[in-house]
Amino acid sequence: MNTSKVRVRFAPSPTGPLHMGGVRTALFNYLFAKKNDGDFILRIEDTDQTRFVPGAEEYIIESLKWCGLGPAEGPGIGGEFGPYRQSERKALYKGYADQLVKSGWAYIAFDTPGEIDALRKEAEAKKETFSYAIGTREALNNSLNLPEKEVLKKIEAGENYVIRFKMPEDVDVTEEDLIRGQVTFNTTKSLDDKVLFKSDGMPTYHLANVVDDHLMKITHVIRGEEWLPSMPLHVLLYKALGWEGTMPRFAHLPLILKPVGKGKLSKRDGDKMGFPVFPLEWKDPKTGDVSQGYREAGYFPEAFINMLALLGWNPGTEQEFFSLDGLSKIFSLDRVVKSGSRFDPEKAKWFNKHYFQQKAETELARLFKPVLNGKGISASDDKITRVVAELKERCEFVTDLWGQSHFFFTAPGSYDEKTVKKRWKEDTPEKLLAIADIFETVGDWKADQIKETFSAFMNEKGWGFGVVMNPLRLCLVGGNIGPDLFVICELLGREETISRIKTAISTLK
RNA sequence: GGCCCGUUCGUCUAGGGGUUAGGACGCCAGAUUUUCAUUCUGGUAGCAGGGGUUCGAAUCCCCUACGGGCUACCA
């Protein structure tokens, strides 16, 4: 067993934006590395040139950065095991594929995609499935059946070929998965002769992955459950390459499922239900479609990470709030759950609310300021901080702030109809005018002073508080939202308060 | 279809032979807040089904059902 320093990698392929499931895989890798004083590295698996999407790699790197999951090695960062982009390692893989052919673990196959496709269709018509494997490979166009001379001739003639793994017959491959325990696969029952090296000169995932993990001294492969079925192939590959002694250990993470309905979480679910599935906003370079991001939706990275960490993992205690550092100290793979987890957007919001409430008012004000500026409003930091302080506990997102506070910065342009109907009575203007007058007499324009003067007057008149306060609120904010009425008065200032009362009266009269 | 993995409140989960099956989100109710929201307190709700093993099963075994993944010269 490998006892060297723990090294794990996150190995996405740049075929689009990083999905939150991918972020979670990165997170668990990161946490495992930190917990074990190991290295977390990023490797870009871009062996499929046809699926390359411009900007995807940058997106991945920026997403990890936003989440605080900085790799120790990777593209643009460097490290002694580079390059970290598989396309830049291209020259490396062919030798290993050839070695496999030489040792009899692999063979050369000349069948064209068209031919194989036809075979597949043919089998399908008979309600069977074609697989290139023992039982069919004997009759196909490959180096197992062709004389060596013929094979050489074809290659020299420039004929396209792939290199396939020669899956051994009827072997039970048993390997321990760190999350699931022992898993056994029978080679004949469940595995075919996978392509290791493509006709375009690139390795497939299987070869590149094993070669790179070996060369990069990866000790633990932590990846999504969709890879579990290919674990035996990889185990066999390590064996075939003579790397059994340093083979990494495997851990297959459960998938993140749709909030409702069947299947794994997809981009569509987010669009349909209005929650982000990507960490950052993504604009598809081809279609121009924009997908929502957690960052843009107003989530704090620490909330996003905290939520993700608890989706499929738990500390075994009742603690729910964790910083990345906190997680790094206690994370362990044996507390990863085996079954897929449905994602709950409500819980994500709840996490964000928690972190929002934890933030200092000045910090929140700093974040809110650009929002205000974007609306053409400039206000002193002091005022913004005061406003934020009053509204903080009724919000979950920085993006909620405006909806709760616009009236502090701009006078209401209209009045909520429902509220008008419910609260604005015939004698309301007269009463509010009296209040405006009494406001002129408030000594020190502070919330409690205003309240005191107001209450004294109300008691003297014998008016019901609700009858006056609700319409007053309507005048000042345009609806029935906002914090304590007297606080609103104070922050608005005496002049503005009275002016808004008068404007409302003349508008609603 | 084949192969593999899984299944505890609606959701995330604890619990791994003896528990009143615990917590969280959501939801509902009450209290506070002269609005709304917040906050607090309480409540609702679960071991997929059937067989074993055992004095005793949510827990171990088998079967069934259901869910999920894989089954590309994609990762």
Side-chain angles (χ1 to χ4, degrees), chain A residues 11-15 45-48 50-51 86 109 111-113 116-117 120 124 127-132 160-164 177 179-181 183-186 188-192 194-206 208-209 223-232 252 254-255 257 259-260 262-264 307 310-320 335 337-351 353 357 391-396 400 404 419 422-423 455 458 464-474 477 479-485:
Chain A
S13 66
T15 54
E45 309 226 325
D46 54 351
T47 52
D48 185 357
T50 63
R51 295 209 307 159
Q86 288 183 329
D111 319 83
T112 65
I116 290 181
D117 212 42
R120 248 182 217 120
E124 215 174 289
K127 297 221 172 211
E128 285 164 14
T129 2
F130 168 79
S131 57
Y132 207 121
N160 276 343
Y161 67 92
V162 298
I163 295 175
R164 286 183 182 271
D177 180 279
I179 294 167
R180 280 147 224 286
V183 184
T184 302
F185 296 83
N186 179 276
T188 302
K189 271 204 295 200
S190 55
L191 295 162
D192 59 356
K194 281 276 174 278
V195 171
L196 299 177
F197 198 83
K198 302 185 269 189
S199 60
D200 67 357
M202 277 289 202
T204 60
Y205 171 82
H206 301 108
N209 188 259
R223 83 241 279 200
E225 195 184 1
E226 69 269 26
W227 293 110
L228 189 56
S230 48
M231 178 167 74
H252 291 93
L255 266 18
L257 275 19
V260 292
K262 291 181 165 195
K264 57 177 176 178
M307 177 275 289
L310 260 42
L311 202 55
W313 174 86
N314 73 80
T317 65
E318 282 175 5
Q319 188 179 344
E320 297 216 69
R335 295 215 62 94
V337 159
K338 294 185 181 67
S339 52
S341 323
R342 262 184 206 286
F343 170 63
D344 180 5
E346 287 304 320
K347 196 131 187 183
K349 281 187 198 164
W350 176 75
F351 274 111
K353 179 172 145 194
Q357 297 306 328
L391 296 169
K392 187 179 167 184
E393 64 184 24
R394 41 215 317 139
C395 295
E396 312 185 325
D400 289 343
Q404 290 290 332
T419 313
K422 191 170 167 194
R423 306 293 191 189
S455 304
M458 291 291 286
F465 278 64
V467 175
V468 177
M469 284 179 74
N470 288 305
L472 179 54
R473 177 178 292 274
L474 183 64
V477 314
N480 70 337
I481 55 165
D484 182 83
L485 192 48

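Letters A, B, ... mirror the listed sequences (proteins, then strands); counts begin at 1. This one's a predicted model, so the numbers in the text were calculated from it and none came from an experiment.
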Query - Between B:G22 and B:G15 - C1' atom distance, rounded Å - result: 8 Å
Query - B:U7 and B:C47, which share atom name P, separated by this distance in whole Å - result: 15 Å
Query - Same-atom distance (C1') from B:U59 to B:G1, integer angstrom - result: 34 Å
Query raised in the report: CG of A:D111 to CG of A:N160: how many Å apart, nearest 0.5 Å?
Result: 12.0 Å
Query raised in the report: Looking for any heavy atom pair under 4.0 Å, which part of the strands does A:D111 touch: base, sugar-phosphate only, or nothing?
Result: base
Query - Counter-base of B:C55, judged by Watson-Crick or G-U geometry with both distances under 3.5 Å - result: B:G18
Requested in this report: Return the nearest nucleotide to the side chain of A:D48; candidates are B:C74, B:C36, B:C25.
Outcome: B:C74
Requested in this report: Indicate, with a heavy-atom threshold strictly under 4.0 Å, whether A:V162 touches base, sugar-phosphate, or nothing.
Outcome: base
Query raised in the report: P atom, B:C4 versus B:A14: distance in rounded Å?
Result: 26 Å
Report summary line: Testing B:C5, B:U35, B:U13 for proximity to the side chain of A:E225, the answer is B:C5
Query raised in the report: If you measure from the P atom in B:G46 to the same atom in B:G23, how many Å do you get, rounded?
Result: 15 Å
Requested in this report: Using whole Å, report how far CD of A:E226 lies from P of B:G67.
Outcome: 20 Å
Query raised in the report: So which nucleotide from B:C25, B:C74, B:C36 ends up closest to the side chain of A:W350?
Result: B:C25
Query - Distance in angstrom units between A:F185 CZ and B:G2 C1', rounded - result: 13 Å
Requested in this report: Could you pick out which residue, A:T184 or A:S131, lies toward the 5' side of RNA chain B when each is mapped onto its nearest nucleotide?
Outcome: A:T184
Query raised in the report: Which nucleotide in the list B:G22, B:C70, B:C12 gets nearest to the side chain of A:R342?
Result: B:C12
Query raised in the report: If only side-chain N and O atoms of A:K353 are considered, is one of them under 4.0 Å from the OP1 or OP2 phosphate oxygen of B:G26?
Result: no
Query raised in the report: For A:E320 and A:K347, what are the C-alpha separation, side-chain angles and deciding distance, and is it a salt bridge (charged side-chain N to carboxylate O under 4.0 Å, His left out)?
Result: CA-CA 11 Å; A:E320 297 216 69; A:K347 196 131 187 183; 3.8 Å; yes
Report task. Could you check how far CE of A:M231 sits from P of B:G69, rounded to whole Å? Result -> 19 Å
Query raised in the report: When rounded to the nearest 0.5 angstrom, what distance separates CE in A:M202 from CG in A:D46?
Result: 6.0 Å
Query raised in the report: Expressed in whole Å, how much space separates the C1' atoms belonging to B:G16 and B:A21?
Result: 14 Å
Report task. Determine the interatomic distance between P on B:C60 and the same-named atom on B:U8; round to the nearest Å. Result -> 14 Å
Query raised in the report: Which nucleotide sits closest to the side chain of A:S339: B:G6, B:C70, B:G68?
Result: B:G6
Query raised in the report: For the pair made of CG in A:D177 and P in B:C4, what is the distance, rounded to whole Å?
Result: 15 Å
Report task. For B:U11 and B:U64, measure between their C1' atoms and round to the nearest Å. Result -> 26 Å
Requested in this report: Could you check whether A:T47 gets within reach of a base, just the sugar-phosphate, or nothing at all, counting any heavy atom under 4.0 Å?
Outcome: sugar-phosphate
Query raised in the report: Any donor-acceptor pair under 3.5 Å joining the side chain of A:S190 to the base of B:C3?
Result: no
Query raised in the report: How close or far is atom P of B:C70 from atom NZ of A:K189, stated in whole angstroms?
Result: 21 Å
Report summary line: Partner of B:C25 under the Watson-Crick or G-U wobble criteria, both distances under 3.5 Å, comes out as B:G10
Query raised in the report: Between A:N314 and B:A14, does any side-chain N or O lie under 4.0 Å from OP1 or OP2?
Result: yes
Requested in this report: Specify the separation, in whole Å, of atom NZ of A:K262 and atom C1' of B:U7.
Outcome: 15 Å
Requested in this report: Tell me what A:R223 touches on the nucleic acid: a base, only sugar-phosphate, or nothing, going by heavy atoms under 4.0 Å.
Outcome: nothing
**Report entry** Nearest listed nucleotide, side chain of A:K264, among B:C4, B:C73, B:G69
**Finding:** B:G69
Query - Distance below 4.0 Å between A:K198 side-chain N/O and B:C74 OP1 or OP2 - result: yes
Report task. Would you indicate what A:S199 reaches in the nucleic acid, counting non-hydrogen atoms under 4.0 angstrom: base, sugar-phosphate, or nothing? Result -> base
Query - 5' priority, RNA chain B, between A:P259 and A:K347 [closest heavy atom] - result: A:P259
Requested in this report: Could you tell me whether A:K127 contacts a base, only the sugar-phosphate backbone, or nothing, with contacts defined as non-hydrogen atoms closer than 4.0 Å?
Outcome: nothing
Requested in this report: Could you check A:F465 against A:V468 for side chain to side chain contact (heavy atoms under 4.5 Å, CB included), going step by step and ending with a plain yes or no?
Outcome: CA-CA 5 Å; A:F465 278 64; A:V468 177; over 6 Å; no
Query raised in the report: Where the side chain of A:E346 is concerned, which of B:C25, B:A75, B:C70 is the nearest nucleotide?
Result: B:C25
Report summary line: Nearest heavy-atom approach of A:L255 to A:E226 is CD1-OE1, 3.4 Å
**Report entry** Distance-only donor-acceptor test (3.5 Å): side chain A:T129, base B:G1
**Finding:** yes
Query raised in the report: So what does A:G263 touch, heavy atoms closer than 4.0 Å: a base, only the sugar-phosphate, or nothing?
Result: sugar-phosphate
**Report entry** Gap between atoms CG and P, on A:L310 and B:G23 respectively (whole Å)
**Finding:** 17 Å
Requested in this report: Consider the side chain of A:R180, meaning its heavy atoms from C-beta on, and name the nucleotide among B:U35, B:C12, B:G6 that approaches it most closely.
Outcome: B:G6
Query raised in the report: Where the side chain of A:R51 is concerned, which of B:A75, B:U38, B:G67 is the nearest nucleotide?
Result: B:A75
**Report entry** Interatomic spacing from CG in A:L472 to CG in A:L485 - rounded to 0.5 Å
**Finding:** 4.5 Å
Requested in this report: Could you state the atom-to-atom distance from CZ of A:F465 to C1' of B:U33 in whole Å?
Outcome: 15 Å
Requested in this report: Find the distance between NZ (A:K349) and CE (A:M307) and round it off to the nearest 0.5 Å.
Outcome: 12.0 Å
Query raised in the report: Using purine N1 to pyrimidine N3 plus N6-O4 or O6-N4 for Watson-Crick, or N1-O2 and O6-N3 for G-U wobble, both under 3.5 Å, which nucleotide pairs with B:A37?
Result: none
Query - Distance (rounded to the nearest 0.5 Å) between A:D484 CG and A:R473 CZ - result: 7.5 Å
Requested in this report: Ignoring the backbone of A:R394, work out which of B:A75, B:C4, B:C36 is nearest its side chain.
Outcome: B:C36
Requested in this report: Nearest 0.5 Å please: distance from the CH2 atom of A:W313 over to the OG atom of A:S341.
Outcome: 13.5 Å
Query - Nucleotide opposite B:G1 in a Watson-Crick or G-U pair, distances under 3.5 Å - result: B:U71
Requested in this report: Would you mind classifying the nucleic acid contact of A:G316 as base, sugar-phosphate or nothing, using non-hydrogen atoms under 4.0 angstrom?
Outcome: nothing
Requested in this report: Using a heavy-atom cut-off of under 4.0 Å over every strand shown, decide if A:N470 touches base, sugar-phosphate, or nothing.
Outcome: sugar-phosphate
